[in-house]
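One structure below.
None of these values were measured; they are calculated from a predicted model. Within every chain, numbering begins at 1; the chains are lettered A, B, ... in the order of the sequence lines, protein sequences first and strands thereafter.
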Amino acid sequence: MKDLLKEIIVKALLTMTIVKKPEDIIIEVPKCRDNGDYSSNICMQLAAECKMNPRDIAYKLIEFITDDHVAKVCVKGPGFLNFYLNKQFLLKNLHNILISGDNYGRNSLGLGQKVNLEYVSGNPTGTLHIGHARGASYGDSLANILKFCGYDVTREYYINDSGNQIDNLEKSIKIRYLNICGDRLTMPNDGYHGKEIIKVASDIFTKYGYDASDDVFKKWGLKYLLDEIKNDLNNYGVSYDVWTSEKDLYQNGLVDQTLNLLIENKYTYKKDSALFLKTSDFGDSKDRVLVKSDGNNTYLLPDIAYHRDKYNRGFDRLVDVFGADHHGYIARLKASMTMLNLDANKLDVKILQMVRLLQDGEEIKLSKRTGKTLTMNDLVTEVGLDATRYFFAMRSLDSQMDFDLSLATKKSNENPFYYVGYAHARINSIIGDKSIVLKDDYVTLEGEKILNIMFKLYQFEDVVKLSANNMAPHIVTNYVYELATLFHSFYAKEKVLTDDLLATKERINLIKAVGIVIKNSLRLIGVKAPNKM
RNA sequence: GUCCUAGUAGCUCAGCUGGAUAGAGCACCGCCCUUCUAAGGCGGGAGUCGGGAGUUCGAAUCUCUCCUGGGACACCA
């Protein structure tokens with residue numbers, strides 16, 4: 001609708017010989033519906049340009065605005081144009097919702113652009129924890145939203161199954177194994193202390209007894225931990241299209257290829273017998289090491305190769321979701337892409353802020369080292385999948401979050417998920433097994449509460465688009481919460497099932513539509529709308 | 001010290017592509033179940049939008065600066 005209004009204004013402006021593009025015009029939904037369904041500030045912006053009073057421009061302009069969708073246009077305040085939608089149009093949309101069902105809100109904003117979305121990508125050196133859960137919620141929700149908006153989305157997980165931390169994993173497992181065999185070795189500080197490492201070691205002991213050969217530790221560890229990760233993600237409702245292994249990048253020669261390319265392009269130099277990359281030429285704060293003086297690669301090199309590979313797979317856009325502790329990484333990654341003659345602007349890195357864990361208001365320090373963590377699975381068990389997913393989705397990415405365990409374990413109604421879910425359950429309960437009779441014209445749907453609901457329902461598509469453009473799933477949760485509020489308020493004031501058969505029929509259709517939009521909204525963030533509570 | 005990110009009601013947070021009287025939830029104080037689910041509704045109190053300056057017809061929103069919290073600044077990943 002916003003786009004349509006923009007066109008209408010552009011056309012009207014033309015008759016006044018003012019040339020503007022649709023994207024120059026701002027349409028917004030006023031906070032208060034007294035000021036119209038939509039409004040534009042265009043006249044105030046034009047005031048200086050035209051050397052005219054904004055209200056005068058506005059009054060002139062509205063003479064040229066005619067459109068079936070718009071019931072009336074008013075000039076208010078210092079020169080706002082306030083648009084009121086035609087009620088017939090909202091009723092037509094209601095019909096549209098009932099017909100479209102699960103597809104209501106789907107649109108073609110993305111024009112089939114190929115987007116690669118990489119998220120979580122936790123190392124296979126331990127169990128996924130609460131931070132990963134936030135990343136998983138975000139990535140999965142964003143993928144759903146982009147898909148819904150007509151993007152061709154590939155969900156990808158990058159497995160760091162090579163390098164230092166994997167050698168470390170191998171050592172850690174071996175130590176645990178030797179412990180089981182009776183050896184009193186202690187785990188070094190930089191080893192992996194998680195319970196899952198002990199589990200792997202004991203599995204190995206069960207299978208091989210005292211005779212495990214040196215090559216089994218890494219192999220078993222990787223397999224076990226990766227399976228566990230996949231399983232946890234699955235339980236979390238998150239799936240992937242592509243799993244890319246770092247080891248494979250080496251085996252396919254992509255790492256060497258990339259290294260040679262960087263050398264050929266003359267972006268490297270030797271210093272202290274290490275190979276440096278001149279990332280500072282392209283905005284990084286200093287140059288980075290690619291190959292260490294001991295001959296091993298740093299993490300950066302295969303990661304550059306990985307991103308190069310993603311570019312070469314023909315994506316229009318790459319999105320990485322990183323934890324806040326990796327933000328320093330963005331500059332060097334983008335710089336590297338530029339060196340490979342790839343367009344760094346296609347790469348978007350979203351940073352998610354830390355999740356702090358609280359217990360009775362006190363912060364609990366988490367550490368992979370000590371094995372003291374709250375896993376993604378623990379969360380689902382304690383809080384419930386839907387409530388967890390909703391909880392993460394409702395926060396904007398760049399706000400740091402506190403997760404209070406004592407609160408969460410109460411399955412507290414402080415989680416707005418219950419409020420939204422309750423609206424859906426209520427609707428479901430009212431409708432029961434009554435059938436929906438589609439109709440072209442509605443005659444009894446009127447009154448402020450009903451109009452507010454119908455207008456809110458209409459906004460859904462714009463909301464989804466806004467959420468996609470900003471890569472911000474929380475816009476959807478905010479919206480669905482507001483919709484639930486309007487519904488609850490309507491429910492408390494007015495009845496759906498009455499003796500008036502016609503009104504009952506029409507109101508059932510109305511709340512059915514509300515149910516559809518709640519369900520669709522929740523589905524985008526990976527949450528099921530409960531039919532009963 | 002440099003970079004990123006945040007600072008909005010007692011608490012947790014929306015709002016930030018500049019707009020009309022700054023919003024929710026929780027907490028607190030009142031009402032509302034003989035009526036489709038009270039996990040709900042209605043009303044109330046509660047704010048120097050961290051401080052200061054600037055840009056503008058108009059700033060919580062943009063710019064600069066300072067203060068505070070979190071994170072990052074490896075030949076770790």
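For the P atoms, the distance from C64(B) to C3(B) is 11 Å, rounded to whole Å. Nucleotides A38(B) and A20(B) are separated by 36 Å at their P atoms, to the nearest Å. Taking atom P on both nucleotides, U55(B) is separated from C16(B) by 25 Å, rounded to a whole Å. With P as the reference atom, G69(B) and U12(B) are 16 Å apart, rounded to whole Å. Rounded to whole Å, the separation between the C1' atoms of G1(B) and G15(B) comes to 35 Å.
Here His488(A) lies in heavy-atom contact (under 4.0 Å) with sugar-phosphate atoms only. Residue-level contact check: Tyr491(A) touches the bases, meaning some heavy atom is under 4.0 Å from a base atom. No engagement by Ile351(A) is indicated, since no non-hydrogen atom pair under 4.0 Å with the nucleic acid exists. Base contact: Asn82(A) has a heavy atom under 4.0 Å from a base atom. Note on Arg288(A): nothing from the nucleic acid sits closer than 4.0 angstrom, heavy atoms only. Glu246(A) comes within contact range of no nucleotide atom at all, as no heavy-atom separation falls under 4.0 Å. Asp398(A) comes within contact range of the sugar-phosphate backbone alone, with a heavy-atom separation under 4.0 Å but no base atom that close. Ser396(A) comes within 4.0 angstrom of sugar-phosphate atoms only, judged by non-hydrogen atoms across all strands, and of no base. Residue Asn470(A) is out of contact with every strand shown, counting any heavy-atom pair closer than 4.0 Å. No contact: Asp284(A) has no heavy atom under 4.0 Å from any strand. Within the 4.0 angstrom heavy-atom criterion, base atoms lie near Gln400(A). Across all strands, Ser293(A) comes closer than 4.0 Å to base atoms (heavy-atom distances). Heavy atoms of Leu466(A) sit under 4.0 angstrom from at least one base atom.
Here Thr298(A) does not reach the OP1 or OP2 of C76(B): none of its side-chain N or O atoms lies under 4.0 Å away. OP1 or OP2 of A22(B) has not a single side-chain nitrogen or oxygen of Lys31(A) nearer than 4.0 Å. The shortest distance between the side-chain N/O atoms of Lys271(A) and the OP1/OP2 oxygens of C75(B) is not below 4.0 Å. Considering only side-chain N and O atoms, Arg426(A) lies under 4.0 angstrom from the phosphate OP1 or OP2 of A38(B). Distances shown here put a side-chain N or O of Ser399(A) below 4.0 Å from the OP1 or OP2 atom of A14(B). Here Tyr419(A) reaches the OP1 or OP2 of G41(B): one of its side-chain N or O atoms lies under 4.0 Å away. The phosphate of G71(B) (OP1 or OP2) has no side-chain N or O of His326(A) nearer than 4.0 angstrom. Contact check, Lys286(A) against U2(B): no side-chain N or O comes under 4.0 Å of OP1 or OP2. Not one side-chain nitrogen or oxygen of Tyr418(A) sits closer than 4.0 Å to the OP1 or OP2 atom of G40(B).
Atom P of nucleotide C57(B) and atom CE of Met44(A) are separated by 12 Å, given to the nearest angstrom. If you take CZ of Phe490(A) and C1' of G40(B), they are 14 Å apart, rounded to a whole angstrom.
In this structure, Tyr299(A) has its ring center under 6.0 Å from that of Tyr329(A). Not less than 6.0 angstrom separates the ring centroid of Tyr138(A) from the ring centroid of Phe392(A).
Ranked by how close their nearest RNA chain B nucleotide is to the 5' end, Lys532(A) and Asn41(A) are led by Asn41(A). Checking Ala324(A) against Leu397(A), the closest nucleotide of RNA chain B that is more toward the 5' end is the one next to Leu397(A).
The His474(A) side chain lies nearest to A14(B) when the options are G41(B), A14(B), A77(B).
Taking 4.0 Å as the cut-off between side-chain N and carboxylate O, Lys171(A) and Asp167(A) do not count as a salt-bridged pair.
Both tests hold for Lys72(A) against Tyr84(A): distance to the six-membered ring centre under 6.0 Å, angle to the ring axis within 45°. Judged by a 6.0 Å distance limit and a 45° cone about the ring axis, Lys278(A) is not positioned over the six-membered ring of Tyr267(A).
Judged by ring centres under 5.5 Å apart and planes tilted less than 30 degrees, Phe80(A) fails to stack against the six-membered base ring of G19(B).
Annotated as anti: C16(B), whose O4'-C1'-N torsion sits more than 90° from 0.
Other residues, nucleotides and ligands place more than 12 heavy atoms under 6.0 Å from the NZ atom of Lys310(A).
Under the 4.5 Å side-chain criterion, counting only non-hydrogen atoms from C-beta, Tyr419(A) is in contact with Thr485(A). Between Leu522(A) and Lys528(A), the closest side-chain pair of non-hydrogen atoms is not below 4.5 Å.
In summary, the side chains of Asp320(A) and Tyr158(A) do not present any donor paired with an acceptor at a separation below 3.5 Å, with no hydrogens or angles considered. Of the N and O atoms on the side chains of Thr279(A) and Arg332(A), not one donor lies less than 3.5 Å from an acceptor on the other residue.
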Checklist entry - Once Watson-Crick and G-U wobble pairs under 3.5 Å are found, how is RNA chain B written in dot-bracket notation, 5' to 3', with | for any base paired to another strand? => result ((((((((.[[[[.)...(...]]]].(((((.......))))).....[[[[[..)....]]]]])))))))....
